[in-house]
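See structure below.
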Number of protein chains: 2
Amino acid sequence: MAISNRQAVHPDRRLLRRQQTIEEALDAAVAIMEEAGVGGLSMSEIARRLGMRQPSLYKYFPSLHAVYDALFARGVERSGAAIQAAVQAARQEGHRGVVPIRAAGRALVRWAVENPALAQLLYWRPVPGFAPTAATFAPSVRLMDQLRAGFAAAVQAGELHPSAASDEAPRLFTIVLSGLISQQMANEPGAGYDTGMFTSLTDAALEMFFARYTLPGGTGAGPRG
Amino acid sequence: MAISNRQAVHPDRRLLRRQQTIEEALDAAVAIMEEAGVGGLSMSEIARRLGMRQPSLYKYFPSLHAVYDALFARGVERSGAAIQAAVQAARQEGHRGVVPIRAAGRALVRWAVENPALAQLLYWRPVPGFAPTAATFAPSVRLMDQLRAGFAAAVQAGELHPSAASDEAPRLFTIVLSGLISQQMANEPGAGYDTGMFTSLTDAALEMFFARYTLPGGTGAGPRG
DNA sequence: GTCTATACCGTGATAGAC
DNA sequence: GTCTATCACGGTATAGAC
């Protein structure tokens, strides 16, 4: 930590250090948003928590919008990772078709409840001027595409009614997930996934959804377990 | 408008005038929120649009929070009125049980899309410090109670499966409605109820919901029309 | 009931010394 | 890369004249 050591720091080490500071700043930003609301974020408060002065933060982020951008990117990345992990786990257990889709839904709801600030930033529009044009629609569009493909595959496998290979099915699916998340976060913000008044109905809600597209004599789960 | 006329104004006229100004202020506030987001509301901007100076507004509202409170109350009142009107209309056509509940769902989604700012204030938590304690839960609790009663009546009438007389049914119902509203407002804010990517699925979503509680040999609508 | 004036604070952002 | 200092701006809220 001695000043004379500074010049001995390698360039990549310096980059690493810089990246660490950026990550710390984003961690602090998430904490602030969880305490004061998504709109309560400010450069000053981030800097305060990092133990630095507010102008110094501008060496890492050119503006407050840039911070929101980075947070948005983090949210996309982490929620996507949570979903992918759940889908992979289901697949490695040999499941195809509906089961991985179910797993994806559960994973998203769980992630949203455990990351309310990022979820709010991703799925609502709480910040007046902020809208990451391409990045805003990219994840939801990509998720929608993957979903559509998943439903089509399940139909192809004879697991779902042909009407599931449509625009309606993936949209209804996201409606159900979004409803679970919104109701939970609005009415019982503190609760966890398993104990939440609404998120504990995730499996029931998914049953309700899949029942709409289950074949009459299908081997899938019935309307009520 | 002459100054000498001021003393001729009756007390109740003055009260009326005051109430009009308050309503105008709330109208302006709604407009601001629709343009700049719920968090973008400020006393200064309201005053600006009313053509008065910002300190003058404090004669009508003691604080910004009080404005939010009044807006919240207006939202509760108007959304409730929209729902009540829809239910009454259904009843006057002789419908009982499921049909009025369906009508209530449609009315709420429609109202939310047509009043995005108030809906956001009511159903999300966009303002950091604001939470109208008793008033926050009162409407959602009351709605839940009415819903529960409606489902119980439909079960009693043999129109729905007994499992609809539960905590699950009204919660799933609000989950579906909340999902419709959230997805529409987040992904396609400008669209109307009839043309919206998500709100146009309202009937399909309600079908999906009621199918879960429809009796096997019931006379109600089937899973797919 | 509206106004001017003001106190006070926090914010985002920039310049320039070290 | 961090700091001090500063700017310009907007906000909430109050005091007091008219």
Side-chain angles (χ1 to χ4, degrees), chain A residues 1-25 28-29 32-33 35-71 127-130, chain B residues 1-25 28-29 32-33 35-71 127-130:
Chain A
M1 283 296 182
I3 291 176
S4 59
N5 271 349
R6 282 234 191 125
Q7 292 172 349
V9 174
H10 296 160
D12 52 340
R13 288 273 298 165
R14 204 161 45 193
L15 263 174
L16 187 75
R17 185 91 180 79
R18 181 182 168 81
Q19 202 56 41
Q20 280 177 350
T21 305
I22 288 177
E23 292 300 317
E24 278 174 38
I32 295 165
M33 289 161 86
E35 292 168 24
V38 173
L41 186 63
S42 75
M43 295 294 266
S44 319
E45 187 58 29
I46 297 172
R48 212 168 285 136
R49 302 208 181 187
L50 288 194
M52 63 170 60
R53 304 293 167 183
Q54 171 248 23
S56 304
L57 200 55
Y58 280 81
K59 292 290 173 184
Y60 300 95
F61 300 97
S63 70
L64 179 61
H65 261 55
V67 177
Y68 275 121
D69 256 335
L71 288 168
V127 184
F130 175 67
Chain B
M1 283 298 182
I3 292 175
S4 59
N5 271 349
R6 280 229 192 130
Q7 294 171 347
V9 174
H10 296 160
D12 52 340
R13 288 272 301 162
R14 205 161 47 197
L15 262 173
L16 187 75
R17 184 92 182 78
R18 180 181 169 82
Q19 203 54 41
Q20 279 177 351
T21 306
I22 289 178
E23 292 301 316
E24 278 173 38
I32 294 165
M33 290 161 87
E35 292 167 24
V38 174
L41 186 63
S42 73
M43 295 293 267
S44 318
E45 186 59 28
I46 297 173
R48 212 168 285 135
R49 301 208 181 187
L50 288 195
M52 62 169 64
R53 303 297 165 181
Q54 173 251 17
S56 306
L57 201 55
Y58 280 81
K59 292 290 174 184
Y60 300 95
F61 300 97
S63 70
L64 179 60
H65 260 55
V67 176
Y68 275 121
D69 255 336
L71 288 168
V127 184
F130 174 67

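Chain identifiers are assigned alphabetically (A, B, ...) following the order of the sequence lines, protein sequences preceding nucleic acid strands; residue numbering begins at 1 within each chain.
Put simply, CG on B:Asp69 and OG on B:Ser63 are 8.0 Å apart, with the number rounded to the nearest 0.5 Å. Here the straight-line distance linking atom OH of A:Tyr60 with atom CD of A:Glu24 works out to 9.0 Å at 0.5 Å rounding. To the nearest 0.5 angstrom, A:Tyr58 atom OH is 4.0 Å from A:Met43 atom CE. Rounded to the nearest 0.5 angstrom, A:Leu57 CG and A:Glu45 CD are separated by 11.5 Å. Summarising the geometry, atom NZ belonging to B:Lys59 is positioned 13.5 Å from atom CD1 belonging to B:Ile22; distances are rounded to the nearest 0.5 Å.
One atom, CE of B:Met43, and another, P of C:dT2, lie 13 Å apart when rounded to the nearest Å. Distance B:Glu24 CD to C:dG1 P: 13 Å, rounded to the nearest Å. We find that CD of A:Glu45 is positioned 15 Å from C1' of C:dG12, with the value rounded to whole Å. Between the CZ atom of A:Arg53 and the C1' atom of C:dT14 there is a distance of 18 Å, rounded to whole Å. The interatomic distance linking A:Gln19 (CD) with D:dG1 (C1') rounds to 16 Å, in whole Å. Spacing between atom CG of B:Leu57 and atom C1' of C:dC3 amounts to 14 Å, rounded to whole angstrom units. One atom, CD1 of A:Ile46, and another, C1' of C:dG12, lie 12 Å apart when rounded to the nearest Å. Straight-line distance from the CZ atom of A:Arg48 to the P atom of C:dG12: 10 Å, rounded to whole Å.
Comparing C:dC3, D:dA13, C:dA13 by their nearest atom to the side chain of A:Leu64 picks out C:dA13. Checked against C:dT11, C:dG1, D:dT14, the side chain of B:Lys59 finds its nearest nucleotide in C:dG1. Nearest to the side chain of B:Pro55, among D:dG1, D:dG11, D:dA13, sits D:dA13. Side-chain proximity of B:Tyr60 to the nucleotides D:dT14, C:dT2, D:dT4 is greatest for C:dT2.
Taking side-chain N and O atoms only, B:Tyr58 has no distance below 4.0 Å to OP1 or OP2 of C:dT2. Within the structure, a side-chain polar atom (N or O) of B:Ser44 is placed less than 4.0 Å from OP1 or OP2 of D:dG11. The side chain of A:Ser56 places no N or O atom within less than 4.0 Å of a non-bridging phosphate oxygen (OP1 or OP2) of D:dG1.
Judged by distance alone, with hydrogens and angles left aside, A:Gln54 brings a side-chain donor or acceptor within reach of the base of C:dG12, the pair sitting under 3.5 Å.
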